[in-house]
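All remarks here apply to the structure that follows.
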Amino acid sequence: MTHPERKFPAPLTGLRVLDLATLFAGPLAATLLGDFGAEVIKVEHPTRPDPSRGHGPSKNGVGLWWKVLGRNKRTITLDLSTPGGHDTLLRLAATADVVIENFRPGTLEKWDLGWEDLSAANPRLVLTRVTGFGQFGPSAHRPGFGTLAEAMSGFAAITGEPDAPPTLPPFGLADSIAGLATAYAVMTALAARDRTAAGQVVDMALIEPILTALGPQPTWYDQLGYVQERTGNRSANNAPRNTYRTADGTWVAVSTSAQSIAERVMHLVGRPELVDEPWFATGAGRAAHADVLDEAVGTWIAARTRTDVLAAFEKAEAAVAPIQDVRDVMADPQYQALNTVTTVDDPELGPLRMQNVLFRLSSTPGEIRWAGRPHGADTEEVLTELGLSATELTALRKAGAV
């Protein structure tokens with residue numbers, strides 16, 4: 001297993017990010033920045049920590065999702081609604097490059113911590129606001145979650161079998177896409193700051209990045225009146241494209257987005273005559289005859305074990321992949337070669353397996369320096385570095401501000 005050799009400091013070394021957000025999209029963006037060297041300070045309420053600490057399974061009372069989402073972050077507590085919390089946040093913002101928050105629009109302003117207040121403390125600050133519906137418009141003040149974005153964007157409407165209900169994803173899809181987009185938005189705003197020397201506001205709405213991921217649906221509708229419908233695993237653009245059960249009870253997925261691949265698959269499964277059909281020459285034509293193609297491919301695969309199917313497709317240079325659950329992912333040789341799932345030593349739980357950083361850089365690779373830390377673990381250290389005295393810290397604690 002090879003790892004890139006670090007030739008220079010991590011690319012975001014020297015960048016300071018204040019993560020005020022909760023749950024997934026905003027915190028994930030901060031995680032991605034921290035993975036490549038940014039100093040991320042996670043700011044949580046003293047008595048109401050980020051709910052992600054309690055999401056999903058836990059071990060010995062320690063939330064495992066948080067261990068991933070909170071990695072590479074120092075954790076402090078501040079009650080921003082108190083005078084002490086307000087003043088301390090402004091002092092922190094003066095030292096930061098980025099603030100990421102996901103309160104409902106108007107909440108920071110209610111605490112006198114809006115854009116005017118933060119930019120007055122630090123004109124170079126990038127304030128990143130992640131909400132369900134954006135900062136303005138008729139839905140701006142509604143509570144927003146990824147599920148609503150998955151419903152509103154059109155994702156659920158096209159997901160599932162044709163005769164079954166619309167289907168929501170069993171994981172935080174909209175939040176994850178928005179987290180990726182938010183990290184990109186932050187870097188774009190920082191690139192602009194390099195030219196203008198001024199910060200700005202990033203307005204990220206959960207309902208928008210997932211719409212981008214859905215492709216040209218608005219353009220199809222605008223130009224053709226075309227509305228994509230649910231097709232299950234099938235595609236309207238090519239066939240065969242489906243999941244198929246093997247003789248040993250496992251499943252594989254086949255894709256034929258390229259014409260040459262479709263032809264190879266038909267030869268492989270012993271149905272070369274289908275290639276000569278006039279309709280076979282286009283993806284749309286093949287999709288219109290998906291029943292015929294699925295029967296041909298499915299019958300051939302059903303007579304063979306998954307190992308034999310994968311080997312035969314690889315030899316024929318046809319596109320196939322096993323349907324894997326997390327157990328398979330952990331043992332997959334390609335993921336192992338890439339070190340996609342790596343091990344992090346954690347003081348609370350010992351060695352932890354989790355997804356590695358998102359991509360590889362040859363000279364300035366990212367790294368996971370530590371997994372998510374306990375609630376408020378770094379409060380005293382961070383605020384002491386900020387210049388607060390022991391007396392001031394004691395006063396903030398007595399006032400419930402930290």
Side-chain angles (χ1 to χ4, degrees), residues 21-29 31-32 50-58 63-66 68-69 102-105 129-134 137-185 203-221 226-237 241-245 251-255 287 290 321-329 354-355 358:
T22 56
L23 291 177
F24 305 116
L28 176 59
T31 303
L32 298 174
D50 187 329
S52 67
R53 290 180 179 274
H55 262 62
S58 62
L64 297 176
W65 200 329
W66 167 252
V68 180
L69 192 63
N102 70 335
F103 299 106
R104 281 201 226 176
R129 317 195 78 166
V130 185
T131 56
F133 306 103
S139 295
H141 290 274
R142 291 173 53 202
F145 298 97
T147 298
L148 308 188
E150 289 144 11
M152 284 182 63
S153 63
F155 172 86
I158 64 169
T159 303
E161 295 297 328
D163 56 351
T167 302
L168 294 166
F171 64 100
L173 178 64
D175 275 289
S176 298
I177 297 173
L180 293 165
T182 300
Y184 165 60
D203 178 4
M204 178 64 68
L206 289 182
I207 60 173
E208 292 183 306
I210 190 171
L211 189 58
T212 296
L214 286 170
Q217 289 193 30
T219 307
W220 284 341
Y221 179 72
Y226 173 73
V227 179
Q228 185 174 342
E229 297 182 350
R230 289 191 292 286
T231 58
N233 291 323
R234 289 178 171 177
S235 166
N237 304 310
R241 190 260 197 183
N242 214 324
T243 60
Y244 305 94
R245 191 180 180 105
W251 294 81
V252 298
V254 172
S255 175
I323 302 291
Q324 302 193 144
D325 65 19
V326 68
R327 293 167 294 188
D328 303 311
V329 169
M354 67 174 66
Q355 298 95 323
L358 197 57

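If you're wondering where the values come from, they're calculated on a predicted model, not measured in any experiment.
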Handout entry: Nearest-0.5 Å distance, CG of residue Leu64 to CE of residue Met354
Key = 9.0 Å

Practice task
Could you give me the CA-CA distance, side-chain angles and deciding distance for Thr159 and Glu150, then say whether side chain to side chain contact (heavy atoms under 4.5 Å, CB included) is met?
Solution key: CA-CA 10 Å; Thr159 303; Glu150 289 144 11; over 6 Å; no

Problem - Any side-chain heavy-atom pair of Leu168 and Thr147 under 4.5 Å - result: yes

Completion exercise
One should read off an interatomic distance between Thr231 OG1 and Glu161 CD, to the nearest 0.5 angstrom, of 8.0 Å

Practice task
Output the distance between atom CD (Gln228) and atom CG (Asn237), rounded to the nearest 0.5 Å.
Solution key: 7.5 Å

Completion exercise
By side-chain contact (heavy atoms from CB on, under 4.5 Å), Ser139 pairs with (sequence neighbours left out) Phe133, Arg142

Handout entry: Leu23 versus Ser52, closest heavy-atom pair with distance
Key = CD2-N, 3.8 Å

Problem - Atom pair OG1 (Thr31) and CD (Gln355), whose distance is rounded to the nearest 0.5 Å - result: 11.0 Å

Practice task
Run the numbers on Asn242 and Val254 for side chain to side chain contact (heavy atoms under 4.5 Å, CB included), then give the verdict.
Solution key: CA-CA 6 Å; Asn242 214 324; Val254 172; over 6 Å; no

Exercise for the section: Assign the ring pair Phe24 / Trp65 to parallel, tilted or perpendicular, where the plane angle (0 to 90°) is split at 30° and 60°. Expected result: parallel

Handout entry: Validation row: Leu69, His55 side chains within 4.5 angstrom (heavy atoms)
Key = no

Exercise for the section: Could you pull out the closest heavy-atom pair between Ala25 and Val130, with the gap in Å? Expected result: CB-CG1, 4.0 Å

Problem - Worked verdict on Leu358 versus Leu32 for side chain to side chain contact (heavy atoms under 4.5 Å, CB included) - result: CA-CA 8 Å; Leu358 197 57; Leu32 298 174; 4.2 Å; yes

Exercise for the section: Please round to the nearest 0.5 Å and tell me the distance separating atom CG of Leu206 and atom CG of Asn102. Expected result: 8.5 Å

Completion exercise
Shortest non-hydrogen pair, Arg104 vs His141, comes out as NH1-O, 3.3 Å

Problem - Minimum heavy-atom distance Ile207-Ile210, with the two atoms named - result: O-CG2, 3.9 Å

Handout entry: Tyr221 atom OH, over 12 foreign heavy atoms within 6.0 Å
Key = no

Practice task
Would you check, one step at a time, whether the test side chain to side chain contact (heavy atoms under 4.5 Å, CB included) holds for Ile323 with Thr243?
Solution key: CA-CA 8 Å; Ile323 302 291; Thr243 60; 3.8 Å; yes

Fill in the blank from the handout: Scanning both residues in full, the closest heavy-atom pair of Ala174 with Ala149 reads CB-CB, 3.8 Å

Exercise for the section: If a pair satisfies salt bridge (charged side-chain N to carboxylate O under 4.0 Å, His left out) and one of its residues is in residues 226-236, list it, with sequence neighbours excluded. Expected result: Arg234-Asp291, Arg234-Asp294

Problem - Heavy-atom closest contact (Trp66 atom, Arg53 atom, distance) - result: NE1-NH1, 3.1 Å

Practice task
Kindly compute the distance separating CG (Asp325) from CG (Asp328), expressed to the nearest 0.5 Å.
Solution key: 4.5 Å

